[in-house]
Amino acid sequence: MSILDDVNSPKDIKKLNINELEDLCDDIRKTLISTVSKTGGHLASNLGVVELTVALHKVFNSPVDQIVFDVGHQCYTHKLLTGRKEKFDTLRTEDGISGFTRPVESEHDIFSSGHSSTSISAAVGLAKAKQIKGEKGKVIAVIGDGALTGGLAYEALNNSGNSNSNLIVILNDNNMSISQNVGSMAKNLNTIRTSPKYVTFKSKIQRGLAKIPKIGSQISRTFTYINAKIRRRILKSTFFEDLGFRYYGPIDGHDLDALIDVLTVAKAHNHSVLIHINTVKGKGYNPAEKNPTQFHGIGKFDINTGEPKTGGTNFSSAFGETMCKFAENDSRICCVTAAMSEGTGLCKFAKKYPKRFFDVGIAEQHAVTFSAGLAKNGMIPVFAVYSTFLQRSYDQLVHDVSMQNLKVIFAIDRAGFVGEDGESHQGVFDTSYLNSIIGLTIFAPSYYSDLEAMFYEGIYKTDGAVAIRYPRGTELYKPDGYNYTHEAYTVFGDINSKNIMITYGRLFSNCCQAYEQLDNTCIIKLNKIKPIDDSIFELLKSEQNIFFFEESIISGGIGETFASKLIENNIHCYFKHIGIDDEFVKQASVDSQLRHYKMDVDSIVREIENGKE
């Protein structure tokens, strides 16, 4: 029997002694590795916070004490301990539990998350609301995995230190660029300072001094000042304390005794507290410890070897090869990423051209304006970013790139459905908000050969800023005889057909397979989706049926623009727009998502056959 079998809620953890808690951590790690090997997910980050999560639920009383996980991808242990153990094998699957925190799943998931650097801001708001309403409980923000490289976290820290007595921030430092305190004196002082007896003794001394007539308050203030000076001289940890936090750390994030002690002290404080812990990403699974980047977010893998069960060329790797090829012949080309060098396929570029590769951390807003600065001084920056993360940079796209008419190339990875990561990660919004960016040209490749050609056109043949959006994974079905025409659109079939399918990107493959099953049908493949080439409308007739398929939100999307232009050109035909209506896309496989939104081959065939006669 494993101890995890008997843990069905945080209350069960309170009964366990330290040895049982350590055994529980072992059980949790085995479950994490076994499950993620089958479902895929964020393994390394979750292995690193097992002891921390167990200690949190040992000391605090969720959900009265509210725990907010930054990004939310390190919440797997939390889910196991808060009533979702029996459903854990459904992690990241359709109708299963999410790989991120989702309040609809459990009262213990306080804040829905998926993007980085938001936890402290949310926690400050939650803590302030508790104060106003006179509610009990602490609010604990757990931030790490590079999230402290995001500017939003610093805005929140600046706003929170002196204002929230019920706020605790836990900095999970797993090789971030934050200096560590070294030396036996610092270690011993931290051991003393995290002792509940020490905190009680210190409070009594300060209260006693304050009671001395006339001079007591002054002595107490002097005592506090000297104490802080000594602590800062030895610990050299002034940053968080200058922002108004009581600082503890660094603490060994895998030492349950130490974690429980420091969390107990923090819980007793009537002041904002920041606890700095050191953890090992991938702790307890050798392949993940050796390669935490690969195991940060991984698909299905072999437990014995750690080898992924899928691999080979995909759009990300094709992009990386293309950038290396272009950079070899043009010293102006440089690549920028926001902590996603491996995910966007830029590892080879980073090694080959280190002086022209820039990883700015989880700071998409900075990445866009930084790229604008590079462009202003004559470089050709290519910012490689997931679609879901680029949406954090809308103001910079408008103000720092578009308004200044600068040549910045946006390589938008994971455009369209991305599958199991769920609502927060689908790349279905970029077409709508990019469609409003003045002077921006958007290309949509369907195949690797398209991608390379479109990057060439975007860099060397197109004025102003350029976005090239491509899907996650591999290229799909390519019909015989297909060749990229280097034109704004490609006509596939007889343009005088009764039914016209219009699409772009990955969906062209599905439309081609549907086309082979249909009569009296033609496809127009948009290679450049913004601006739409006006010559298309000279080919279309009012008596035709037009079906616009797009793997994106309908509102504000390319299909809406196309429909508007049909009216402007006095083409009053039957028009059907198939896309994503006013909703967030839930987790499922990409194939299932395509079926659900009627974009798979069979659904496309039915849509055309059941369309207007």
Side-chain angles (χ1 to χ4, degrees), residues 70-71 114-118 120-121 143 145-159 176-177 319 323 326-327 330-341 343-346 349-350 353-415 427 429-443 455 458-459 462-469 530:
D70 204 282
V71 185
H115 288 184
S116 161
S117 311
T118 65
I120 305 176
S121 292
I143 185 168
D145 269 359
L148 213 61
T149 61
L152 181 61
Y154 291 95
E155 294 176 31
L157 285 170
N158 184 55
N159 181 234
M176 291 166 53
S177 54
F319 160 72
M323 286 300 99
F326 288 178
D330 190 338
S331 60
R332 297 173 300 165
I333 288 177
C334 49
C335 286
V336 179
T337 184
M340 299 298 290
S341 56
T344 57
L346 285 175
F349 186 98
Y353 304 104
K355 292 184 178 179
R356 288 188 273 156
F357 172 76
F358 307 99
D359 185 343
V360 301
I362 304 176
E364 291 84 3
Q365 293 171 286
H366 166 61
V368 173
T369 304
F370 171 66
S371 297
L374 288 169
K376 186 70 176 179
N377 265 2
M379 302 300 287
I380 302 176
V382 180
F383 176 31
V385 59
Y386 289 6
S387 169
T388 184
F389 299 135
L390 181 62
Q391 65 200 34
R392 310 183 88 181
S393 308
Y394 184 78
D395 180 65
Q396 288 70 33
L397 286 162
V398 173
H399 186 271
D400 300 329
V401 176
S402 172
M403 193 181 296
Q404 303 191 59
N405 194 32
L406 292 172
K407 183 72 170 188
V408 177
I409 311 297
F410 297 93
I412 304 176
D413 203 330
R414 269 65 165 179
F429 297 101
D430 63 270
T431 49
S432 293
Y433 66 79
L434 291 177
N435 206 14
S436 67
I437 304 294
I438 296 168
L440 178 70
T441 300
I442 309 175
F443 291 90
F455 269 101
I459 292 171
T462 309
D463 293 332
V466 174
I468 300 166
R469 64 186 308 273
K530 181 185 184 297

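Atoms considered below: every heavy atom in the structure, side chains included; atoms not considered: hydrogens, waters and symmetry mates.
Of the possible polar contacts, none joining the Lys530 side chain to the Ala467 backbone as a donor-acceptor pair under 3.5 Å is found. Under the 3.5 Å distance criterion, the side-chain polar atoms of Ser117 are matched with a main-chain donor or acceptor of Ala147.
Applying the salt bridge (Lys or Arg N to Asp or Glu O under 4.0 Å) test to Asp330 and every residue at least two apart in sequence or in another chain returns Arg332. Judged as a ring pair (Phe, Tyr, Trp, His ring centres under 6.0 Å), and not counting sequence neighbours, the contacts of Phe349 are Tyr353. Residues that satisfy the ring pair (Phe, Tyr, Trp, His ring centres under 6.0 Å) test with Phe383, not counting sequence neighbours, are absent from this structure. Remark: Asp413 engages no residue in a salt bridge (Lys or Arg N to Asp or Glu O under 4.0 Å) (not counting sequence neighbours). Remark: Phe443 engages no residue in a ring pair (Phe, Tyr, Trp, His ring centres under 6.0 Å) (not counting sequence neighbours). Residues meeting the side chain to side chain donor-acceptor pair (under 3.5 Å) test with Thr388, sequence neighbours left out: His115. A search for salt bridge (Lys or Arg N to Asp or Glu O under 4.0 Å) contacts involving Arg392 returns Glu364, not counting sequence neighbours. Looking at residues two or more places apart in sequence or on another chain, you find no side chain to side chain donor-acceptor pair (under 3.5 Å) involving Ser121. Here Arg414 pairs with nothing under the salt bridge (Lys or Arg N to Asp or Glu O under 4.0 Å) rule; sequence neighbours left out. Annotation: side chain to side chain contact (heavy atoms under 4.5 Å, CB included) contacts of Gln365 (sequence neighbours excluded): Ser393, Gln396. Applying the side chain to side chain contact (heavy atoms under 4.5 Å, CB included) rule to Thr337 yields the partners Met340, Ser341, Thr344, Leu346, Phe357, Asp359; only residues at least two apart in sequence or on another chain are considered.
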In a table with atom names and distances, give each donor-acceptor pair under 3.5 Å that connects a side chain of residues 370-382 to protein atoms at least two apart or in another chain.
residue: Ser371; atom: OG; partner: Ala367; partner atom: O; Å: 2.7

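The distance from the OH atom of Tyr154 to the CG atom of Leu157 is 7.5 Å, given to the nearest 0.5 Å.
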